[in-house]
Asks: 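Dumping the structure here so I can ask a few things about it.
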Amino acid sequence: MNLNFDHTAEELFEYYSEEDISYYLWEMYQCWLLELSQLDKTHLEVSNRQYFFQLLATQVSKNLQQFKAKTVTTPE
């Protein structure tokens with residue numbers, strides 16, 4: 001599976017507000033847990049996926065803060 005999409009790194013933060021990003025991540029997390037519960041995943045498999053999601057959410061948050069800092073310091 002190739003997950004390389006033709007988007008710039010900043011598009012997520014240019015097109016979506018911080019609140020929307022948080023809301024969509026929360027929705028994705030809930031749906032993912034629901035899906036995992038229906039697939040009879042073990043506790044360890046679910047835990048690994050929860051940890052992966054935490055890492056993903058942390059990366060998004062970190063990049064959002066960098067984007068905000070860059071847009072504040074970059075004159076238009």
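Note that the structure is a prediction, hence the values are computed from the model and not measured. What's counted below: heavy atoms across the whole structure, side chains too, no hydrogens, waters or symmetry copies.
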Asks: With a 4.5 Å limit on heavy-atom distance, are the side chains of L34 and C31 in contact?
Replies: no
Asks: Which distance, rounded to the nearest 0.5 Å, do you find between the CG of D20 and the CG of L12?
Replies: 10.0 Å
Asks: What's the separation between atom CD in E27 and atom CH2 in W32, rounded to the nearest 0.5 Å?
Replies: 15.5 Å
Asks: Atom CZ of R49 and atom CD of Q54: how far apart are they, to the nearest 0.5 Å?
Replies: 14.5 Å
Asks: Measure the spacing between CD of E45 and CG of L39 and express it to the nearest 0.5 Å.
Replies: 9.5 Å
Asks: Drop me the distance from L36's CG to Q50's CD, to the nearest 0.5 angstrom.
Replies: 8.5 Å
Asks: Taking the side chain from Q65 and the backbone from K62, do they hold a donor-acceptor pair closer than 3.5 Å?
Replies: no
Asks: Between Q38 (side chain) and E35 (backbone), is there a donor-acceptor pair under 3.5 Å?
Replies: no
Asks: Heavy atoms, side chains only, cut-off 4.5 Å: are L64 and E18 in contact?
Replies: yes
Asks: Mind checking what makes side-chain hydrogen bond (donor to acceptor under 3.5 Å, both in side chains) contact with E10, not counting sequence neighbours?
Replies: K70
Asks: Once salt bridge (Lys or Arg N to Asp or Glu O under 4.0 Å) is applied, do any residues pair with K41, and if so which ones, sequence neighbours excluded?
Replies: none
Asks: Please round to the nearest 0.5 Å and tell me the distance separating atom OH of Y24 and atom OG of S17.
Replies: 8.0 Å
Asks: Taking ring pair (Phe, Tyr, Trp, His ring centres under 6.0 Å) as the cut-off, I'd like each qualifying pair that reaches into residues 37-71, sequence neighbours left out, listed once.
Replies: F13-F67, Y29-F53
